[in-house]
2 protein chains.
Amino acid sequence: MTAWVRLLRSQQRIFKTVEGRLKQAGLPPLVWYDVLLELERSGDAGLRQRDIQRHTLLERYNVSRLVDRLEGAGLATRRPAADDGRGAVVTISPAGVAMRQAMWPVYEGAVADEVSAKLNDAELKILSGLLERL
Amino acid sequence: MTAWVRLLRSQQRIFKTVEGRLKQAGLPPLVWYDVLLELERSGDAGLRQRDIQRHTLLERYNVSRLVDRLEGAGLATRRPAADDGRGAVVTISPAGVAMRQAMWPVYEGAVADEVSAKLNDAELKILSGLLERL
DNA sequence: GCCATATTGTTGCAAGTGCAACATTATGTG
DNA sequence: CACATAATGTTGCACTTGCAACAATATGGC
């Protein structure tokens with residue numbers, strides 16, 4: 001229980017710091033980064049919304065709305081899936097790639113300050129290994 | 001960065017599980033537990049809202065509203081602070097104590113399944129020690 | 001092929017959260 | 001004491017999220 005409470009608190013604190021820095025830099029929230037990164041990795045093939053859902057732990061309806069916002073911001077586009085009349089395929093736009101790149105140094109800097117600066121490489125490796133099993 | 005992403009994901013996943021179980025049991029969300037526990041610890045003396053804020057990482061306005069809800073649910077009471085005309089002192093009610101006690105086994109059970117079952121005692125100690133430094 | 005069931009995605013509504021502005025009281029500095 | 005500044009808490013508004021219901025298509029069993 002102690003471990004869990006610390007996991008909870010440290011994540012909340014660091015998450016807030018990261019979000020705060022992104023906002024201060026006039027950038028969108030962290031979850032946009034995750035989705036943009038996955039979209040970028042999937043290239044021209046794009047991603048089904050359900051795949052975004054699986055990767056980000058978002059609910060279906062939140063993926064739906066987040067993609068709405070990404071589309072609205074010109075960072076991604078939706079097109080009907082060729083092989084599945086229900087779903088849509090989402091692909092990143094050049095502006096989306098640019099946005100992810102703009103977010104990266106801010107994100108990376110915050111994590112460097114809040115995580116990398118507080119534990120050495122060996123410790124981070126141990127932490128990483130333990131968290132993977134959760 | 002790997003460590004951070006795993007910290008983020010594992011916390012999100014476990015947090016969702018805990019919240020889901022509480023909801024399924026007809027109980028309020030996890031943050032209520034945190035606040036009720038702190039109030040219970042503070043006994044009849046109660047707590048200032050700013051102290052709740054510090055302990056839970058909530059924003060001031062969210063503390064204000066959460067206390068509204070606790071009061072509305074009959075789990076806590078607010079009275080003006082004797083030595084500070086601005087603030088209020090929050091105390092837990094018997095129903096609040098009962099609610100915290102009702103939440104505990106559900107909370108504990110979820111953490112047992114999601115955390116304790118996946119790492120042994122020595123590993124939990126190491127994890128705990130590392131997270132404390134974040 | 002037909003029909004029950006599952007999967008994928010969307011949306012109206014209620015509830016929670018962030019932001020900025022505000023009211024009120026404390027604190028400190030001259 | 002007077003006044004600028006800080007601290008505490010609240011609230012209107014916009015935005016986000018959860019829930020439940022829904023529409024549309026896919027899948028599997030007969």
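Chain naming here is simple, since letters A, B, ... match the order of the sequence lines and numbering starts at 1 in each.
Judged by distance alone, the side chain of Arg13(B) and the main-chain N or O of Leu134(A) form a donor-acceptor pair under 3.5 Å. Checked by atom type and distance alone, the side chain of Glu123(A) pairs as donor or acceptor with a backbone atom of Asn120(A) at under 3.5 Å.
No more than 12 heavy atoms of other residues, nucleotides or ligands sit less than 6.0 Å from atom CG of Asp121(A).
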Heavy-atom contacts, protein to nucleotides 8-17 of chain C, under 4.0 Å, summarised as B (base), S (sugar-phosphate only) or - (none) per nt, yield BBBBBB--SB
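To the nearest 0.5 angstrom, Ser42(A) atom OG is 12.5 Å from Arg48(A) atom CZ.
Ion pair Asp51(B)/Arg54(B) flagged as a salt bridge, since at least one NZ, NE, NH1 or NH2 atom sits closer than 4.0 Å to an Asp/Glu carboxylate oxygen. Salt-bridge check for Lys16(A) with Glu19(A): failed, with every basic side-chain N at 4.0 Å or more from each acidic carboxylate O.
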Step-by-step side chain to side chain contact (heavy atoms under 4.5 Å, CB included) determination, Gln12(B) to Arg9(B) | CA-CA 5 Å; Gln12(B) 285 178 343; Arg9(B) 292 264 186 279; 4.0 Å; yes
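Of the two residues near DNA chain D, Glu59(A) and Asp83(A), the one whose nearest nucleotide lies more 5' is Glu59(A).
Contacts between residues 15-25 of chain B and DNA chain D, defined by a heavy-atom separation below 4.0 Å, involve Lys23(B), listed by number.
No side-chain heavy atom of Arg60(A) sits under 4.5 Å from any side-chain heavy atom of Val63(A).
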